[in-house]
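The analysis underlying the following values was restricted to heavy atoms, covering all of them including side chains, and did not include hydrogens, waters or symmetry mates. On a predicted model such as this, the values are computed, not experimentally measured, just so you know.
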Amino acid sequence: HNDHHKHSYYLIRNSGLLGFNDEEVDLIANIARYHRQSNPKDSHPNYQNLSRDHKKLVKELSSLLRIAEGLDKGHKCAIKDIELVPNSTKKKLKCKIKSSIDGYDCALEKWSAEGKSKDFKKEFGVDIDFVLVKSGK
């Protein structure tokens, strides 16, 4: 359980993923590596040798993966549906989330996703407003 993000990197790098070349596997492993707490740093051996474009891609995609992880914070698969609604200013995005569990309000998942959306804003310049929507609306 400790350092499972680092273990994710190791497993992906050493699993022999079919259909991906070594560069693609390294990219996928790095995205998984940064799905938790630490942001990519040039002092990290697995990150420092990536190309400039791949470093940018790792930062962007790991920020999305962090939000996805936040949306399953309770490990209940509680989110049934997500609707993204852009704002006309393009600086804000509304993320409507619906629960898949009757009577469950997804407050934990909303709170966690909000906390993990900071890196997304840093990478894309867009703030996300998470809104809980009752089923049937």
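Counting heavy atoms from C-beta outward, F20 and I12 have side chains that stay 4.5 Å or more apart. Side-chain contact between I97 and V131 is absent, with no heavy-atom pair separated by less than 4.5 Å.
The side chain to side chain contact (heavy atoms under 4.5 Å, CB included) search around L18 returns none, not counting sequence neighbours. With sequence neighbours excluded, the residues satisfying side chain to side chain contact (heavy atoms under 4.5 Å, CB included) with D72 are H75. H44 is linked by a side chain to side chain donor-acceptor pair (under 3.5 Å) to Y34, counting only residues two or more places apart in sequence or in another chain. In this structure D22 satisfies the salt bridge (Lys or Arg N to Asp or Glu O under 4.0 Å) test together with R13, sequence neighbours excluded.
When hydrophobic clusters are built by joining Ile, Leu, Val, Met, Phe, Trp and Tyr residues whose side-chain heavy atoms come closer than 4.5 Å, directly or via intermediates, V25 is not grouped with L65. Each of L132 and L108 belongs to its own hydrophobic cluster when Ile, Leu, Val, Met, Phe, Trp and Tyr are linked at side-chain heavy-atom distances under 4.5 angstrom.
A distance-only check finds no donor-acceptor pair linking the side chain of H54 to the backbone of S51 [under 3.5 Å]. Between the side chain of S99 and the backbone N or O of Y104 there is at least one donor-acceptor pair closer than 3.5 Å.
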Which side-chain N or O atoms in residues 55-62 pair as donor and acceptor under 3.5 Å with protein atoms at least two apart or in another chain?
residue : atom : partner : partner atom : Å
K55     : NZ   : D42     : OD1          : 2.6
K56     : NZ   : E60     : OE2          : 2.4
S62     : OG   : V58     : O            : 2.7
S62     : OG   : K59     : O            : 3.3

Please tabulate, for side-chain N and O atoms in residues 116-127, each donor-acceptor pair with protein atoms closer than 3.5 Å (sequence neighbours left out).
residue : atom : partner : partner atom : Å
K116    : NZ   : E69     : OE1          : 3.3
S117    : OG   : E114    : O            : 2.8
D119    : OD2  : R66     : NH1          : 2.9

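Side-chain contact, N46 with Y10: no donor N or O sits under 3.5 Å from an acceptor N or O.
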